[in-house]
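I have placed the structure first, in the form of structure tokens, so that the comments after it can refer back to it.
Source: prediction; values computed, not measured. Just follow the structure's listing: the first ligand is 1, and inside any ligand the first atom is 1.
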Amino acid sequence: MATGVVFLWFSFFTLLSFTASMAKITPRFPSSIVRPEQLSAVLSTKNQLYKTKYFTQILDHFNFNPKSYQTFQQRYLINDTFWGGAHSNAPIFVYTGNEGDVEWFAQNTGFMFEKAPHFKALLVFIEHRFYGKSIPFGGHKDVAYSNTSTLGYLSSTQALADYATVITDLKKNLSATDCPVVVFGGSYGGMLAAWFRLKYPHITIGALASSSPILSFENITSPNSFNNIVTKDFRSESENCYKVLKGSWDQIENKANQPGGLEALRKSFKICKNYISVSSLEGWLTTAYYYTAMTDYPTASNFISPLPAYPVKQMCKAIDNPTTGNDTFAKLYGAANIYYNHSGTATCFDLADDSDPHGLGGWQWQACTEMIMPMGGNNKESILPESYWNYDNRVTSCKLTYDAVPRPNWITTEFGGHDIKRVLKRFGSNIIFFNGLRDPWSGGGVLENISESIVAIVAKEGAHHVDLRFSTKEDPEWLKDVRKQEVNIIAKWIAQYYQDLAHLSS
Ligand SMILES: *[C@@H]1O[C@H](CO)[C@@H](O)[C@H](O)[C@H]1NC(C)=O
Ligand SMILES: *[C@@H]1O[C@H](CO)[C@@H](O)[C@H](O)[C@H]1NC(C)=O
Ligand SMILES: *[C@@H]1O[C@H](CO)[C@@H](O)[C@H](O)[C@H]1NC(C)=O
Ligand SMILES: *[C@@H]1O[C@H](CO)[C@@H](O)[C@H](O)[C@H]1NC(C)=O
Ligand SMILES: *[C@@H]1O[C@H](CO)[C@@H](O)[C@H](O)[C@H]1NC(C)=O
Ligand SMILES: *[C@@H]1O[C@H](CO)[C@@H](O)[C@H](O)[C@H]1NC(C)=O
Ligand SMILES: *[C@@H]1O[C@H](CO)[C@@H](O)[C@H](O)[C@H]1NC(C)=O
């Protein structure tokens with residue numbers, strides 16, 4: 001049963017707050033769906049990929065109350081196999097950890113491992129506070145997550161300050177003060193990488209921010225943009241596929257309202273006996289469409305369950321040429337099988353499964369405080385029922401869950417976002433924004449070049465941070481090209497840095 005991680009957000013919002021209407025489902029943040037390819041290969045060598053270290057980190061960087069001086073153990077992973085060393089000022093590549101276990105992200109960022117030999121780079125992956133093993137309050141997750149007065153220390157600004165502190169201290173320890181640091185990240189980690197470059201230009205010379213929807217705040221991006229892209233992905237496969245999906249919601253609702261209808265639906269979709277409701281079924285289907293769109297990679301990928309290459313195409317194939325029966329539910333079941341049961345090992349689908357193997361649960365707090373990304377709205381054309389993003393729903397559910405009041409304007413106040421072209425053109429430099437246009441999150445990404453050195457690399461066929469994944473023999477030319485461009489740009493930053501180091505040092 002492979003509903004796993006991806007279902008977490010939906011079950012959270014569906015069960016706790018958005019009860020009846022699936023139209024209000026909010027996609028969970030992207031990183032949860034990173035699908036490590038070659039996972040088994042990586043896992044078998046996992047212990048040789050990096051060494052694990054801990055740093056004594058300060059709880060609160062931003063005030064000097066006695067409580068702020070509490071500390072916690074922050075985990076980071078390090079690999080010095082390819083490093084040219086401090087004496088040659090060889091570069092340091094740092095991954096700015098996302099909302100989950102840092103090992104999971106490290107094992108998925110093949111790009112850094114594969115390019116390290118070329119750059120003679122030291123690799124460092126820093127874990128985001130409150131995730132994985134980097135839990136404040138003595139490492140006790142139940143304490144750290146107990147209420148607003150403990151969770152209050154979980155924020156992007158604290159995380160960025162953590163990264164600045166770790167990098168600075170590590171460089172000091174390695175006598176590597178002059179080694180250039182390049183930061184990398186995908187998804188929320190990509191947002192952090194971009195923001196880190198803007199806020200800490202003295203600590204990093206540049207950022208590769210992959211699939212980082214930094215424009216998904218306030219009214220900068222339409223709340224419908226995510227679902228518009230999901231719709232476009234499926235519709236581009238076939239008009240029939242689009243129509244079947246679009247027409248299915250009424251049929252599900254109608255069926256559920258008939259006597260015995262819910263049980264019949266349960267059987268049609270092979271849902272386990274323990275639990276079913278209309279909204280959970282609809283959420284389960286929506287999850288499959290969302291995450292398949294995000295991970296519409298050109299090669300097979302493997303996470304909790306394996307996915308074939310181009311899974312959106314496979315889903316539409318299951319709808320257009322059904323092998324499981326000709327009625328709508330049979331077609332949807334076939335499509336859902338692509339996402340939930342490609343391995344063919346599921347015996348039934350567990351809608352009550354809210355397990356969180358990669359420890360992503362803290363995102364819910366972040367999404368209730370500063371990460372207010374208006375999305376999940378649907379226009380008439382959407383494969384999901386027409387609906388509107390409703391900020392009040394978020395407020396209600398956050399109040400209920402955490403007694404927290406969102407600050408929807410904080411991110412743009414702290415990091416900007418409005419008129420980004422004009423603002424960053426003469427201020428920022430050395431950021432690569434990669435986006436794949438099949439990725440629904442690309443709607444909130446930076447898709448245009450801002451300046452000579454703040455560059456948008458856009459891949460029409462790309463999905464969610466596909467560039468950072470381990471390469472495979474089957475990778476298409478466009479993907480190889482993207483990575484080549486990224487390598488060339490990073491090499492230029494480093495070369496410029498060495499020039500400045502030679503000529504501008506006092
Ligand atoms: C660094 O990563 C490579 C794989 O790219 C691995 O072969 C090597 O053992 C790792 N080194 C350390 C110190 O973990
Ligand atoms: C919040 O949780 C902490 C740690 O469990 C506890 O000490 C504190 O009393 C709680 N505060 C409130 C207001 O419940
Ligand atoms: C630097 O060295 C000190 C002393 O050994 C150690 O406590 C600290 O954790 C090190 N910093 C990092 C980032 O590992
Ligand atoms: C966003 O809202 C602000 C303030 O209400 C308004 O000035 C601005 O024009 C809006 N921008 C867009 C893109 O709708
Ligand atoms: C679906 O219907 C078509 C023609 O109406 C038929 O040829 C096909 O065998 C049916 N498929 C299944 C799986 O029942
Ligand atoms: C998963 O796939 C296998 C092989 O196709 C199939 O036998 C099984 O019934 C499927 N499981 C579910 C829950 O649909
Ligand atoms: C941005 O500029 C680079 C050249 O520096 C170019 O290769 C790329 O296609 C441009 N991106 C967009 C989105 O136009």
Review point. With ring centroids as reference points, do Tyr188 and His128 lie under 6.0 angstrom apart?
Key: yes
Check your understanding: Does some side-chain heavy atom of Leu174 sit less than 4.5 Å from a side-chain heavy atom of Leu122?
Key -> yes
Practice item. Please check if the side chain of Thr369 supplies one atom and the backbone of Gln366 the other of a donor-acceptor pair under 3.5 Å. Key: yes
Review point. So is there a nitrogen or oxygen of Asn147 less than 3.5 Å from a nitrogen or oxygen in ligand 2?
Key: yes
**Study point:** Subset of ligand 2 atoms that lie under 4.0 Å from at least one heavy atom of Val143
**Key:** 4 (C), 5 (O)
Check your understanding: Taking the six-membered ring for Trp, is the centroid-to-centroid distance between Phe217 and Phe415 below 6.0 Å?
Key -> no
Check your understanding: Does Asn173 reach ligand 3 with a nitrogen or oxygen that is under 3.5 Å from one of the ligand's nitrogen or oxygen atoms?
Key -> yes
Review point. Just which atoms of ligand 3 are under 4.0 Å from any heavy atom in Tyr76?
Key: 12 (C), 13 (C), 14 (O)
Ligand 7: protein N/O within less than 3.5 Å of ligand N/O:
| unit_1 | atom_1 | unit_2 | atom_2 | d |
| --- | --- | --- | --- | --- |
| ligand 7 | 2 (O) | Asn449 | ND2 | 2.2 |
| ligand 7 | 11 (N) | Asn449 | OD1 | 3.3 |
| ligand 7 | 11 (N) | Asn449 | ND2 | 3.2 |
| ligand 7 | 11 (N) | Ala456 | O | 2.9 |

Review point. Does NZ or CZ of Lys141 fall inside the cone over Tyr145's six-membered ring, less than 6.0 Å from its centre and within 45° of the axis?
Key: yes
Review point. With atoms numbered from 1 as shown, which atoms in ligand 3 lie under 4.0 angstrom from a non-hydrogen atom of Leu170?
Key: 13 (C)
Review point. Any side-chain donor paired with an acceptor under 3.5 Å for Tyr242 and Glu237?
Key: no
**Study point:** Per-atom contacts, ligand 3 versus Asp169 - under 4.0 Å to a heavy atom
**Key:** 1 (C), 8 (C), 10 (C), 11 (N), 12 (C), 13 (C)
Check your understanding: Does Phe125 have its ring centroid less than 6.0 Å away from the ring centroid of Tyr76?
Key -> no
Practice item. Would you mind running through ligand 3 and noting each atom that sits below 4.0 Å from a heavy atom of Phe55? Key: 9 (O), 11 (N), 12 (C), 13 (C)
Exercise for review: State which residues pass ring pair (Phe, Tyr, Trp, His ring centres under 6.0 Å) with Phe111; sequence neighbours excluded, sorted by chain then number.
Suggested key: none
Check your understanding: Which atom pair, heavy atoms only, marks the closest approach of Val466 to Arg483?
Key -> O-NH2, 3.1 Å
**Study point:** Contact atoms of ligand 2, heavy-atom distance to Ser149 under 4.0 Å
**Key:** 1 (C), 11 (N)
Exercise for review: Would you name the heavy atoms of Ala106 and Phe113 that are closest together and state the gap between them?
Suggested key: O-CE1, 3.3 Å
